[in-house]
Amino acid sequence: MIDLSILRNQPDLIKDAIRRRGVDIDVDALVSLDADVRRARQNAEETRAEQKESGKAIAGLQGDEKQAAIEAAAALSEQFKEQSAAADALQQRFDAIWIDVPNLVDPSAADGFTDADNVEIKRVGDIVTRNITRDHAELGALLDVIDTERGAKVSGARFGYLKGKAVLLEFALVRYALDRLTEAGFTPMVPPVLVKEDALFGTGFFPDAREQVYAVPEDELFLVGTAEVPLAAYHMDEIFEAGELPKRYVGFSTCFRREAGTYGKDTAGIFRVHQFDKVEMFVFTEPELSVEEHDRLLAYEESIVRGLDVPYRVVNVAAGDLGAPAAKKYDIEAWFPGQQAYREITSCSNTTDFQARRLKVRQRTESGNRVIHTLNGTAVAVGRTILTILENHQQPDGSVVIPEALRPYTGFESIEP
RNA sequence: GGAGAGAUGGCCGAGUGGUCGAAGGCGCUCGCCUGCUAAGCGAGUAGGGGGUUAUUAGCCUCCUCGAGGGUUCAAAUCCCUCUCUCUCCGCCA
């Protein structure tokens with residue numbers, strides 16, 4: 001949610017943002033609706049104040065005088081109820097639209113509406129040397145470390161078993177990332193993966209991406225698609241004192257995604273699955289420092305990927321391809337020789353005050369409390385990272401050499417057929 | 001899953017229908033005092049919305065005493081529903 005005062009004082013900023021995102025929202029209607037809400041609320045409050053005032057007097061009255069005063073107050077009470085209901089109705093109409101208004105877009109975010117419009121910022125590593133092009137599904141079967149057939153048997157499409165050394169590689173990657181980031185001052189976390197609706201609204205996944213989230217209706221809980229949700233909600237309704245920020249967390253969690261609307265996309269192997277593990281960075285920071293922090297998170301992501309010796313590129317995500325909370329987003333796309341393509345393995349967003357406002361995360365300052373900024377970034381999306389390692393480090397015989405940086409964690413140097 | 005207890009401001013803790021957004025204490029902030037980071041004295045100290053104003057002051061007002069709903073002229077106080085926490089039992093990684 002963005003600052004209401006922007007709607008009142010600079011509605012053009014919002015118009016510009018929704019234009020860049022390709023979203024259709026009637027901002028002028030919102031502006032006048034907001035004015036209606038305030039006018040109606042004002043009316044109700046004035047009546048209410050009058051009613052309270054007359055109510056107080058009643059305590060000191062007796063007999064007929066008291067009776068008359070009670071009747072007068074009752075009339076005011078009735079009037080207040082009507083005016084209040086009118087204001088509530090307007091408020092509801094406003095909220096229904098307002099909740100869908102996405103964050104403002106950073107001026108430096110790329111233009112365009114799909115991932116085809118993403119702008120490449122840099123490219124690292126040489127893809128020409130990756131000239132063996134078995135894809136991860138083939139390698140997974142060959143090495144007996146990925147089993148999608150039985151995944152389908154047990155759980156359906158887009159599920160798989162990780163098996164053997166791939167499992168050890170998974171935990172090596174997790175620990176590798178956790179070590180890099182705890183060294184950098186992040187606090188490690190294992191958050192809940194089942195959360196209440198509030199956490200998903202607060203982080204902006206509801207209502208925007210509701211169809212991507214698994215629900216457990218019986219218990220009114222939802223399975224998170226990323227640790228970003230419980231990490232962000234960790235400080236929900238809290239007010240930080242001066243000097244407490246930034247707060248940097250790195251959380252490990254399993255992630256669940258319905259992948260609605262992706263039928264037919266990435267069906268081979270386990271590139272796109274309903275369940276995977278991820279190590280995620282999440283930062284609460286002062287507003288003035290969020291841009292700088294965004295660059296810092298991207299730098300951490302790059303250093304982690306660089307240690308894996310996988311070619312990659314960094315893209316500035318197009319405005320129209322940003323999620324509702326993000327003002328700007330960088331993706332790292334790793335080279336997948338089997339697909340002959342760069343594919344997303346990390347994502348790093350500056351959500352500015354959008355989530356913090358919804359979650360009511362604030363900071364106490366000399367001139368009052370203010371909403372802070374939050375950012376999130378993938379440290380390691382374990383599943384896809386394993387796949388890019390398999391594909392990039394495959395040998396002619398199908399074996400896979402483990403990158404140097406991971407060997408202390410895996411305890412082995414290669415995976416053999 | 002069964003039985004019971006509880007939820008009040010940063011913390012502790014009063015408060016069972018009427019100047020209670022809330023006594024008191026602690027903590028904190030500012031000032032005073034004290035010859036020495038003790039004691040003492042005074043003042044201040046929740047969050048959010050709206051209005052006004054010069055939009056970082058001030059003033060007015062509404063909402064919030066776990067959440068939501070209800071009764072009433074009036075609710076922290078009465079009623080209903082829900083959530084959470086704690087204790088005991090059961091079950092269990």
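These numbers come from a predicted model, not from an experiment. Because only heavy atoms are used, hydrogens play no part in the values below, and waters and symmetry mates are left out as well, while side chains stay in. In what follows, every chain begins at residue 1, and chains take the letters A, B, ... in the order their sequences are listed.
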Regarding K52(A), tell me which of base, sugar-phosphate or nothing describes its non-hydrogen contacts under 4.0 Å with the strands shown. sugar-phosphate

Could you measure between the two P atoms, the one in U45(B) and the one in U87(B), and give it in whole Å? 37 Å

Closest nucleotide of RNA chain B for I58(A) versus for I239(A): which of these residues is on the 5' side? I239(A)

Please determine, for U19(B), whether a Watson-Crick or G-U wobble partner exists with both distances under 3.5 Å, and give it or none. none

Could you tell me whether N369(A) contacts a base, only the sugar-phosphate backbone, or nothing, with contacts defined as non-hydrogen atoms closer than 4.0 Å? sugar-phosphate

Look at the side-chain N and O atoms of Q42(A) and state whether any lies under 4.0 Å from the OP1 or OP2 oxygen of C62(B). no

How close or far is atom C1' of G50(B) from atom CZ of F94(A), stated in whole angstroms? 13 Å

Closest to the K196(A) side chain, choosing from C73(B), G47(B), U83(B): U83(B)

Just checking, any donor-acceptor pair under 3.5 angstrom between side chains of S253(A) and K278(A)? no

Taking a pair to mean Watson-Crick or G-U wobble geometry with both distances below 3.5 Å, C88(B) pairs with G2(B)

Expressed in angstrom and rounded to an integer, what is the separation of D88(A) atom CG from C63(B) atom C1'? 11 Å

F276(A) six-ring centre to R384(A) NZ/CZ under 6.0 Å and within 45° of normal: no

Counting only Watson-Crick pairs (N1-N3 plus N6-O4 or O6-N4) and G-U wobbles (N1-O2, O6-N3), all under 3.5 Å, who is the partner of A93(B)? none

Tell me whether the OP1 or OP2 atom of U72(B) has a side-chain N or O from S77(A) closer than 4.0 Å. no

Let me know the distance between NZ of K56(A) and C1' of C20(B), rounded to the nearest Å. 10 Å

Applying the Watson-Crick and G-U wobble criteria at under 3.5 Å, what pairs with U83(B)? Answer none if nothing qualifies. A7(B)

Roughly, in whole Å, what's the span from CZ in R370(A) to P in G48(B)? 14 Å

Measuring only the C1' atom in each nucleotide, how far is G17(B) from U85(B)? A whole number of Å is fine. 29 Å

Give R8(A) one of three labels, base, sugar-phosphate or nothing, depending on what nucleic acid heavy atoms sit under 4.0 Å from its own. sugar-phosphate

When rounded to the nearest Å, what value does the distance between C1' atoms of G48(B) and C65(B) take? 15 Å

When the distance from CZ of F80(A) to C1' of A74(B) is rounded to whole Å, what number comes out? 13 Å

If the cut-off is 4.0 Å, is R38(A) near the phosphate of G51(B), judged by side-chain N/O to OP1 or OP2? yes

Here's one to test your reading of the geometry: is the NZ or CZ of K165(A) within 45 degrees of the ring axis of F412(A) and under 6.0 Å from its centre? yes

Take atom C1' in U16(B) and the same atom in A75(B), then report the distance between them in whole Å. 10 Å

Interatomic distance, D237(A) CG vs A46(B) P [rounded to whole Å]: 19 Å

For C28(B), what is the paired nucleotide under Watson-Crick or G-U wobble rules, both distances under 3.5 Å? G44(B)

Spacing of the C1' atoms in G70(B) and C12(B) (rounded, Å): 33 Å

Same-atom distance (C1') from G49(B) to G21(B), integer angstrom: 16 Å

Spell out yes or no: do the side chain of E45(A) and the base of G51(B) have one donor N/O and one acceptor N/O closer than 3.5 Å? no

If the P atom of C30(B) is compared with that of C84(B), how far apart are they to the nearest Å? 42 Å

For A54(B), which nucleotide in any strand shown is its Watson-Crick or wobble partner with both distances under 3.5 Å? none

S290(A) and N350(A): side-chain donor and acceptor closer than 3.5 Å? yes

With a non-hydrogen cut-off below 4.0 angstrom, is R41(A) in contact with a base, only sugar-phosphate, or nothing? nothing

Donor on one side chain, acceptor on other, Q355(A) and T203(A), under 3.5 Å: no

Heavy atoms from C-beta onward define the side chain here; which of C63(B), C73(B), G50(B) lies closest to that of L4(A)? G50(B)

Is the NZ or CZ atom of R48(A) positioned over F80(A)'s six-membered ring, under 6.0 angstrom from the centre and within 45° of the axis? yes

How far, in whole Å, is G69(B) from G15(B) if one measures between their C1' atoms? 24 Å

In whole Å, what is the span from the CZ atom of R48(A) to the P atom of G50(B)? 19 Å

Using the ring centroid of each side chain, check whether Y234(A) and F284(A) are separated by less than 6.0 Å. no

Given side chains that start at C-beta, do those of L289(A) and P246(A) come closer than 4.5 Å, heavy atoms only? no

Measure from CD on E238(A) to C1' on G10(B) and round the result to the nearest Å. 13 Å

Quick check on RNA chain B: between I70(A) and R362(A), whose nearest nucleotide comes earlier from the 5' end? R362(A)

At 4.0 Å (heavy atoms only), tell me whether E46(A) reaches a base, stays on the sugar-phosphate, or touches nothing. nothing

